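Starting from 1, each residue takes its place in the sequence as its number. What you see is a predicted model, and the numbers here were worked out from it, not measured in a lab.
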Amino acid sequence: MTGTIYVLNGPNLNLLGKRQPEIYGHETMADVEAACLSQAESYGLAVRFLQSNAEHQLIDWIHEAREDAVAVIINPGAYTHTSIAILDALNTFEGPVMEVHISNVHKREEFRRHSYVSLRADGVIAGCGTQGYLLAIDRVAKLVSATN
């Protein structure tokens, strides 16, 4: 199998390991990226791992993924609950989309229980810590192999 998975991370995820470790854990974005690269490589896939606090940048990367990626894994952070623009961008992507949340958003504040991204996602992984990214790669690899 070949191809690139875009792993997109939204606002405040650059502070992973430093911000609210009781909720998000002690692993950093660099730790998550290394784990994702290794997991994807085991399937013969590459990863483009990106993070931005800017909504427009995430949208630009989703547009880029239309040409360059076999799948998108996205942890949109707080944009999960607010961004119709990210949903619209994801709706232009034809491959698998997996939504990942480090915490269990369903056990948190009421506003975190609504996701615009879920309206497009082929799967949602929440509450598995940073392991959720690896679970998403496993699922994407299965979905991509089924289409080849």
Tyr79: partners by side chain to side chain donor-acceptor pair (under 3.5 Å), with sequence neighbours left out: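 Per chain and number, Tyr79 pairs via side chain to side chain donor-acceptor pair (under 3.5 Å) with no residue.
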Mind checking what makes side chain to side chain contact (heavy atoms under 4.5 Å, CB included) contact with Ala65, not counting sequence neighbours?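 Only Tyr6, Ala69, Val72, Phe93 meet the side chain to side chain contact (heavy atoms under 4.5 Å, CB included) criterion with Ala65.
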How would you list all residue pairs meeting salt bridge (Lys or Arg N to Asp or Glu O under 4.0 Å) that involve residues 65-81, not counting sequence neighbours?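 As it turns out, there is no salt bridge (Lys or Arg N to Asp or Glu O under 4.0 Å) pair with a partner in residues 65-81 once direct neighbours are skipped.
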Those residues that, when tested against Arg120, pass salt bridge (Lys or Arg N to Asp or Glu O under 4.0 Å) (two or more places apart):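 With neighbours one apart ignored, the set is Asp122.
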Please enumerate all residues that pass side chain to side chain contact (heavy atoms under 4.5 Å, CB included) together with Gln57, with sequence neighbours excluded.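 Gln57: side chain to side chain contact (heavy atoms under 4.5 Å, CB included) contacts with Ser52, Ala54, Asp60, Trp61.
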What residues join Leu15 in its hydrophobic cluster, counting side-chain heavy atom gaps under 4.5 Å, either direct or through other members?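 Members other than Leu15 - counting any ILVMFWY side chain reachable under 4.5 Å - there are none.
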Expected output: side-chain Ser42 to main-chain Gln39 donor-acceptor under 3.5 Å: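 Confirmed, Ser42 side chain pairs with Gln39 backbone.
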List for me each residue that meets side chain to side chain donor-acceptor pair (under 3.5 Å) alongside Asp31, sequence neighbours excluded, and say none if there are none.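 Per chain and number, Asp31 pairs via side chain to side chain donor-acceptor pair (under 3.5 Å) with Thr28.
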What residues form a side chain to side chain donor-acceptor pair (under 3.5 Å) with Asn53, not counting sequence neighbours?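 Gln51.
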Salt bridge (Lys or Arg N to Asp or Glu O under 4.0 Å) with Asp138: which residues, sequence neighbours excluded?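 Salt bridge (Lys or Arg N to Asp or Glu O under 4.0 Å) check on Asp138 returns nothing, list empty.
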Pair listing, salt bridge (Lys or Arg N to Asp or Glu O under 4.0 Å) test, anchored in residues 87-101, at least two apart: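 Pairs touching residues 87-101 that pass the test: none.
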Apply side chain to side chain contact (heavy atoms under 4.5 Å, CB included) to Ala46 and list each qualifying residue two or more places apart in sequence or on a separate chain.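 Counting only residues at least two positions away or on another chain, Ala46 forms a side chain to side chain contact (heavy atoms under 4.5 Å, CB included) with Thr4.
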Sequence-distant partners of Leu37, side chain to side chain contact (heavy atoms under 4.5 Å, CB included), two or more places apart: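 Per chain and number, Leu37 pairs via side chain to side chain contact (heavy atoms under 4.5 Å, CB included) with Glu33, Val47.
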